Amino acid sequence: QVQLVESGGGLVQAGGSLRLSCAASGLTFRNYAMGWFRQAPGKSREFEVSDRGSGGSTYYADSVKGRFTISRDNAKNTVYLQMNSLNPEDTAVYYCAAGPTIQPMGLMTLVNFWGQGTQVTVSS
């Protein structure tokens, strides 16, 4: 069966950095768009970044543009999220997602699989 397993979350001070990883299994990784969403307490899950792979488009939410970077290693079936200049507003559970198309809110998005989430807490 398909599994997406996130790792790398934790507690960091404002201005710090974290790198999240999402290891995928049970799917043909290179054929999937991969994305990261987050859900803060009391809020709905929100799109943050996605990568279509194979030279396709990369999308970033305005809130993370210039601070977060998505990358993927198709040989390792892994997608990464490098998060820099973190601030307390970035505190959330971060979810890895895989699907045919993952785009910012308002554009076509179809997520087939979700990871279990990893907590990121940024202290002020």
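Keep in mind that this is a model prediction, so the values were computed, not measured.
In the hydrophobic cluster analysis, where Ile, Leu, Val, Met, Phe, Trp and Tyr join through side-chain heavy atoms closer than 4.5 angstrom, Phe113 is grouped apart from Val111. Both Ile102 and Tyr59 sit in one connected hydrophobic cluster of ILVMFWY residues. Membership requires side-chain heavy atoms under 4.5 Å apart, directly or through other members. Neither Val2 nor Leu110 shares a network with the other; the hydrophobic side chains, linked directly or stepwise wherever heavy atoms of I, L, V, M, F, W or Y lie under 4.5 Å apart, form separate groups for each. Grouping the Ile, Leu, Val, Met, Phe, Trp and Tyr side chains by contacts below 4.5 angstrom, directly or via other members, places Val120 with Val79. Cluster annotation: Val64 and Phe37 are assigned to distinct hydrophobic clusters (Ile/Leu/Val/Met/Phe/Trp/Tyr, side-chain heavy-atom contacts under 4.5 Å, transitive).
Here the closest heavy-atom approach between residue Pro88 and residue Ala14 is recorded as CD-CB, 4.2 Å. Residues Phe29 and Asp73 come closest through the heavy atom pair CE2-O, 4.0 Å. Annotation for Gln116 and Tyr95: closest pair O-CE2, 3.6 Å, computed over non-hydrogen atoms. Here the shortest heavy-atom pairing between Val49 and Leu81 reads CG1-CD1, 3.6 Å. For the residue pair Leu4 and Cys22, the shortest heavy atom distance occurs at CB-SG, 3.9 Å. The two residues Arg52 and Tyr32 make their nearest non-hydrogen contact at NH1-C, 3.6 Å.
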What do the steps show when you test Gln119 against Thr91 for side-chain contact (heavy atoms from CB on, under 4.5 Å), and what is the final call?
CA-CA 8 Å; Gln119 177 70 47; Thr91 295; 4.0 Å; yes
Using the side-chain contact (heavy atoms from CB on, under 4.5 Å) rule, take Glu46 and Met105 through it: C-alpha gap first, then chi angles, then the decisive distance, then the call.
CA-CA 8 Å; Glu46 296 180 339; Met105 188 175 63; over 6 Å; no
Stepwise, does the side-chain contact (heavy atoms from CB on, under 4.5 Å) test hold for Arg38 with Ser63?
CA-CA 12 Å; Arg38 68 186 182 188; Ser63 58; 3.7 Å; yes
Go through Asn112 and Leu27 one step at a time and tell me if the side-chain contact (heavy atoms from CB on, under 4.5 Å) criterion holds.
CA-CA 11 Å; Asn112 293 141; Leu27 75 169; over 6 Å; no
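Remark: Trp114 CH2 to Glu6 CD distance equals 10.0 Å, nearest 0.5 Å. Atom CZ in Arg67 sits 4.0 Å away from atom CG in Asp90 (nearest 0.5 Å). Atom CG of Leu11 sits about 8.5 Å away from atom CG of Leu18, to the nearest 0.5 Å. To the nearest 0.5 Å, atom CD of residue Gln1 and atom OG of residue Ser25 are 7.5 Å apart. Taken from CG in Asn77 to CE in Met34, the straight-line distance is 9.0 Å, to the nearest 0.5 Å. Between atom CH2 of residue Trp36 and atom CD1 of residue Ile70 there is a gap of 8.0 Å, rounded to the nearest 0.5 Å.
In this pair, Phe68 and Tyr94 present their aromatic rings tilted. The plane angle is within the 30 to 60° band.
Partners of Thr58 by side-chain hydrogen bond (donor to acceptor under 3.5 Å, both in side chains), not counting sequence neighbours, listed by chain and number: Asp51.
Listed for the Gln82 side chain is no donor-acceptor partner under 3.5 Å among the backbone atoms of Thr69.
Sorted pairs that involve residues 14-35 and meet salt bridge (charged side-chain N to carboxylate O under 4.0 Å, His left out), not counting sequence neighbours, are lacking altogether.
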